[in-house]
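To start, the structure under review is shown below, and the notes come after it.
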Amino acid sequence: MAKVKVRLYGVVRLKTGTACFETEAETLDGLQRQIPGVTPREAKDLIVLVNGKQAGRRYRFKTGDEVVLMSPAGGG
């Protein structure tokens, strides 16, 4: 397991009531289950950046990674 810092933006930040948290996770699937107040199904729609770059679902975290989770933009 890797210790990662997670920053939240957009609607997901409002929903969780927190701007960031630290946790241990091995993969994105594992991390998605740890977002406070967000179901794994909701988490699958989030935009994910790891260390400033878009990351795929199979990315394996390394200790010290910074993960950004953002709600997709919407409106019209």
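- To the nearest 0.5 Å, the span separating OG1 on Thr18 from CD1 on Ile35 amounts to 11.5 Å.
- A distance of 8.5 Å separates CE in Met1 from OG1 in Thr27, rounded to the nearest 0.5 Å.
- Listed by chain and residue number, Gln54, Val68, Met70 satisfy the side chain to side chain contact (heavy atoms under 4.5 Å, CB included) test with Leu49 (two or more places apart in sequence, or in another chain).
- Other residues, nucleotides and ligands contribute only 12 or fewer heavy atoms inside 6.0 Å of the NZ atom of Lys3.
- Considering only residues two or more places apart in sequence or on other chains, Arg13 meets the side chain to side chain donor-acceptor pair (under 3.5 Å) condition with none of them.
- With sequence neighbours excluded, the residues satisfying side chain to side chain donor-acceptor pair (under 3.5 Å) with Asn51 are Asp65.
- Partners of Glu24 by side chain to side chain donor-acceptor pair (under 3.5 Å), not counting sequence neighbours: none found.
- The two residues Thr16 and Pro36 come nearest to each other via the heavy atoms CG2-O, 2.9 Å.
- Every residue two or more places apart in sequence or in another chain that forms a ring-ring contact (aromatic ring centres under 6.0 Å, His included) with Tyr59 is listed here: Phe61.
- Listed by chain and residue number, Leu28, Asp29, Gln32, Lys44 satisfy the side chain to side chain contact (heavy atoms under 4.5 Å, CB included) test with Arg57 (two or more places apart in sequence, or in another chain).
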- Message: Test side chain to side chain contact (heavy atoms under 4.5 Å, CB included) on Leu69 and Val38; report intermediate values, then the result.
- Response: CA-CA 12 Å; Leu69 300 174; Val38 176; over 6 Å; no
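- Taking Lys15 as the reference, Glu42 meet the salt bridge (charged side-chain N to carboxylate O under 4.0 Å, His left out) condition, with sequence neighbours excluded.
- Residues Val50 and Leu31 share a single hydrophobic cluster, defined by chaining ILVMFWY side chains whose heavy atoms lie under 4.5 Å apart.
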Tell me which donor-acceptor pairs under 3.5 Å the side chains of residues 5-12 have, and how far apart each pair is, sequence neighbours excluded?
residue: Arg7; atom: NE; partner: Glu66; partner atom: OE1; Å: 3.4

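- Under the 4.5 Å side-chain heavy-atom criterion for Ile, Leu, Val, Met, Phe, Trp and Tyr, Phe21 and Leu46 are members of the same hydrophobic cluster.
- A search for side chain to side chain donor-acceptor pair (under 3.5 Å) contacts involving Thr63 returns nothing, not counting sequence neighbours.
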